[in-house]
Structures are given as structure tokens and as C-alpha cells.
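Keep in mind that the numbers below use all heavy atoms, side chains included, and drop hydrogens, waters and symmetry copies. Quick note: residue numbers are just sequence positions, from 1.
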Amino acid sequence: MKNKGLWVSYFILGMCLITFFGYGVGSANQTSTKTSTKTSTTVKKVGVLQYVSHPALDSIYKGVIQGLKDNGYEEGKNLELLFQNGQADQSKLATMSQQLVNKQADVLVGIATPAAQALANATQDIPIVLGAVTDPVGANLVKDMDKPGGNITGVSDKAPIKAQIELAKTLLSEAKTMGILYSSAEDNSKYQVAEAKKAAEALGFTVKTYAVPSTNEISQTVQVMSQETDFIYIPLDNTIANAMPSVVATADQSNTPIIPSVDTMVEQGGLATVGINQFDLGVQTGKMVTDILNGASPATTPVYTFTKGDTILNLEQAKKLGITIPEAIEKSATIVGGE
């Protein structure tokens, strides 16, 4: 009987040990599974190629980051940003594009037309989102604005040129001759010059165009324009935007007003414009990148175009030039450059 009781005790003890260790292993496996689930978030790679550094394009890049964050993709969590800046060097743009392709980015972003073209030359497989490309069709990046048809879609920064010229007509009622300053090296600028010339002539302006091949000739060209025209119009042009402080400094010597195409250039010393907020443009670009990361096809995603712009006014510059701003325009405008 004693032996039988002893065997029963051994049996009960064994069952307790099995239950205890079985529960421990099971709990460990469950904990391991939960931990694995929490840390297995897929990190997406987004490669960004920016044409050059200047306030407008820098604002677009900041907007891209914000747009991604707003839609669930954040650096350090589930996003790796691969950023390159070509600093207006075409050979660098080509090399950097290939580097981004080699790093196997899930989506590529081209900020400004030359950067987007460089990316398009580097790959026809990885999706590309355009950030600030004025004429995607004319730049041979997409076949159609509504049905791009390839691996590229994005956001156009096409400015409301007619509204800009109309604003100039209102603010500079005595002006008769408009000079257009642009870079001869940028395809997107040539497209805008033709549209601006047509709109200005329809409003009764005599139009003179001044193309510069590089930043070295800008100051001298602005001096000539100040003698031959009543005001200077600048389209969306990265070369001129990059040299905006020099343009303003030279034009100010003769009190020549400047009507640029983006808000950041007004802030730097332009008089006024009707333009698209560059940060908002970047946010929209980031949203489109998110859509593609989540499975949307560039081929069937229409290129986004803003339908209206904001009036941007530099009151400080207006006072410096002795220009009286109509009360209605001042009340409705976004004021930059001081009160």
C-alpha cells in the first residue's frame, strides 16, 4: 500500500510539472508572437531627387514629408527617405537618379522638371511622382494629364498666369511694357513665356523677353530690363528663383517692380503674385506618394493640378516702390515681407 501511495504521489507531481512547464512555454511563444507582430512593420523607401536648393523647392520637400506623415508614413517608423539634391548640375542629376534606383526605392519623387526627367531616364519600372512640374506632357513625362499611361504621375505646379498678369495690370496701372526674365536652359520656362506673352498682349502690354543661359548673366540682364521695361515678370523658373536675391537687389536700384510666380519669391522681394502655396504643393505630392505606396497605379492616376491660387502681397516692397495697393486686394491677400 505504501508503494502504491508513493507511485500516486509521483504521478500527481509529474502532472503538475508538465502543466507548469507547458504553460510557461506556451506563454513564451505567445509573447514572442506578439512581439514579432509589433516589430514586423514594413519600412518603405521613398527616394527624392531635388533639382536645386532655393526656398520654393525646399518648401515643397518639407511639404512632401508632411504629406507622407499625414497619411501614415513617418521616418524612423515605417519610412526611409533617400534624399538627393543635384544643385542644378545635370550630370549629378543623372548619377543621383541611378543611385536611387540602385537603392531599390519603392517610389521616386522628382522635385522640378529636370529632376523628374533624370529619374524618368533612369527607370521605367519604379513609380515616379512629379513634384512641381509645370508641363508634364510637354516635358515628355506623361502621355496625358488624366491618363498618364506609364510609371509616372504627380502634381503640376502650373501657375494661374492670366490671373498674375491681371494683378500686375491692377497694381501697375501706368505700366505699358512688361519684360519676361527666364532661363533658356529650362523647358518648363519656355512654355510659360509663350502663355504669359499672349496673356499680357491681350491686356494691352508690350512684351519683351530676356533669356539668360546661366546665373552669371542675370544681374546684367536685369539692369538692361530696368531701362527698357516698366516691370519684370518671372515665370516658374528654378534658375531665376535660385538667384532671386540678386534679381531684387538689381531691380531695386531703379525701383523696377517684380511680379514673380511663387509665394516664396514675393517674400524675397517680389511685389505680388497669384500663386500656389509651395508647401501645400508638397503636401499633395506626399499624399500621392502614399497612394502609390498603398497600391495605386501611376498609369491610371491623373496628374493633380490646383484649380486656384492665392494672392500674395509684399507690402514692405510696395511701400519701398511707392505703389499704393487697392484696399480690396490688401484685405484679401496673404501678406509677406512685413506689415
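Judged by distance alone, the side chains of Asn85 and Ser53 do bring a donor and an acceptor atom under 3.5 Å apart. Using a 3.5 Å distance cut-off with no hydrogens or angles, the side chains of Glu186 and Thr113 do not pair a donor with an acceptor. No side-chain N or O of Asp280 forms a donor-acceptor pair with one of Gln284 less than 3.5 Å apart. Residues Tyr182 and Asn188 have side chains that never bring a donor and an acceptor to within less than 3.5 angstrom of each other. Between the side chains of Gln117 and Asn121, no donor-acceptor pair is found at a separation under 3.5 Å. Donor-acceptor pairing under 3.5 Å is recorded for the side chains of Asp89 and Ser91. The closest side-chain donor-acceptor pair between Glu217 and Ser214 falls under 3.5 angstrom. There is no side-chain donor-acceptor pair under 3.5 Å between Gln84 and Gln50. Between the side chains of Ser189 and Asp237, a donor-acceptor pair is found at a separation under 3.5 Å. Remark: the Thr301 side chain and the Thr153 side chain contain no N/O donor-acceptor pair separated by less than 3.5 Å.
A salt bridge links Glu327 to Lys331: at least one charged side-chain nitrogen sits closer than 4.0 Å to a carboxylate oxygen. Ion pairing between Lys103 and Glu80 fails under the 4.0 Å rule for side-chain N and carboxylate O.
Remark: side-chain polar atoms of Ser156 are paired, donor with acceptor, to backbone N or O of Val133 under 3.5 angstrom. Side-chain N or O atoms of Asp291 include none that pairs as donor or acceptor with a backbone N or O of Ala296 at under 3.5 Å.
None of Thr273, Thr311, Ile234 except one satisfies the side chain to side chain contact (heavy atoms under 4.5 Å, CB included) rule with Gln164; the exception is Thr273.
Remark: Ile258 CD1 to Met225 CE distance equals 9.0 Å, nearest 0.5 Å.
Shortest non-hydrogen contact noted between Gln278 and Ala56 is CB-O, 3.7 Å. Looking at every heavy atom in both residues, Asp106 comes nearest to Leu293 through CB-CD2, 3.8 Å.
Screening residues 212-267 for ring pair (Phe, Tyr, Trp, His ring centres under 6.0 Å), with sequence neighbours left out, gives Phe205-Phe231.
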